[in-house]
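Working notes, structure below.
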Amino acid sequence: MSAPLLRARGLTRDYRLPAGQVKHGLVDVDLDVEAGETVAVIGESGSGKSTLARLLLALDRPTRGRVEFEGQPVDARLRALRAGTGIVLQDSYASLDSRFRVRATIGEPLRALRVPGDHRRLVAEVLQRVGLEAEHAECYPHELSGGQRQRVAIARAVVHRPRLLIGDEPTSALDVTVRAAIVALLRELNATLGLAVVLVSHDLGLVQHLAGRVVVMHDGRIVETGPTASVLGDPQHAYTRRLVAAVPRLPARSTDAGL
Ligand SMILES: Nc1ncnc2c1ncn2[C@@H]1O[C@H](COP(=O)(O)OP(=O)(O)O)[C@@H](O)[C@H]1O
Ligand SMILES: [Mg+2]
């Protein structure tokens, strides 16, 4: 049997606080992400979502447990991990370098990973794929809107054709209509590129438009996981019920055409 794209087992991260106490950021998390799958990680602020995202991409080291990408430990295969993944963060101002034009920002992973081919053409292609114009290549981040900047961040995260994209609250700094457009873009990238997407978000309304499966986190642990429709439609865990109840009314998936 082939290994999943990404596999975490017993993933645990303790943070040592200055006063000497230990904060359990993540506790014994098991997670598999299959190729081409869309998974949402939901939970309140402080539930461990960003800690999980960082550990999955080896941007941080676990206290215990392991992560494998395509069957190999991530630490030993950092280069393959970088080539096979992309990340999009909440704050596009912080993640895009204000000194560089969009063309240089998007082309950087191609240079860093020594991707063969015509980088100018690859950048032009990915701009179009994320819904930007060719002229945007010459812009600086401050010349773009928040939604356009997040499209640049996504373009940069997928330009090298990774198999996995992780978004950590990629829409939470955006207006509601722009949020929906960005989630629609992620869904399209999943469909057209076969890209697996892990979306960390506390916006259940959007999660439901993207993810086939939901993972619910609480106090550093996964408390519930399953197909999105069943977890959000018929939550089993009391914490998930509270999360779902806190959203006024989830729009039906079929009404998303206008978003
Ligand atoms: N660098 C850190 N040092 C100490 N505690 C941290 C650090 N990063 C996260 N934490 C703590 O770990 C828990 C999980 O944080 P985080 O993964 O950022 O949650 P989320 O992304 O769901 O808001 C929180 O209690 C947070 O305060
Ligand atoms: Mg977070």
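Note that ligands are numbered from 1 as they come in the structure, with each ligand's atoms numbered from 1 the same way.
Residues of the protein with a heavy atom under 4.0 Å from ligand 1 are Tyr15, Leu17, Lys23, Gly25, Glu44, Ser45, Gly46, Ser47, Gly48, Lys49, Ser50, Thr51, Arg54, listed by chain and number.
Results of the side-chain contact (heavy atoms from CB on, under 4.5 Å) test with Val216 over Ile222, Val41, Ile42 single out Ile42 as the only residue that passes.
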Next item on the list: Please report the C-alpha distance between Arg129 and Glu125 in whole Å, then the side-chain angles of each, then the deciding distance to 0.1 Å, and finally whether the salt bridge (charged side-chain N to carboxylate O under 4.0 Å, His left out) criterion is met.
Entry: CA-CA 6 Å; Arg129 198 175 278 289; Glu125 277 172 14; over 6 Å; no
Notebook entry, point to check: Does the salt bridge (charged side-chain N to carboxylate O under 4.0 Å, His left out) test come out yes or no for Asp75 and Arg61, once each step is laid out?
Noted result: CA-CA 9 Å; Asp75 281 349; Arg61 298 194 133 201; 3.3 Å; yes
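A salt bridge between Asp32 and Arg9 is present, with a side-chain N of the basic residue lying under 4.0 Å from a carboxylate O of the acidic one. Here Lys49 does not pair with Asp168 in a salt bridge; the nearest charged N to carboxylate O distance is not below 4.0 Å. Salt bridge present: Asp60 and Arg13 bring a charged side-chain N and a carboxylate O closer than 4.0 Å.
Take His160 and apply the side-chain hydrogen bond (donor to acceptor under 3.5 Å, both in side chains) test, not counting sequence neighbours, and it matches no residue. For the side-chain hydrogen bond (donor to acceptor under 3.5 Å, both in side chains) test, no residue two or more places apart in sequence or in another chain qualifies with Arg120.
Distance CD/Glu108 to CG/Leu113: 8.0 Å, rounded to 0.5 Å.
Distances shorter than 2.8 Å separate the Mg ion (ligand 2) from the protein N/O/S atoms Ser50 OG.
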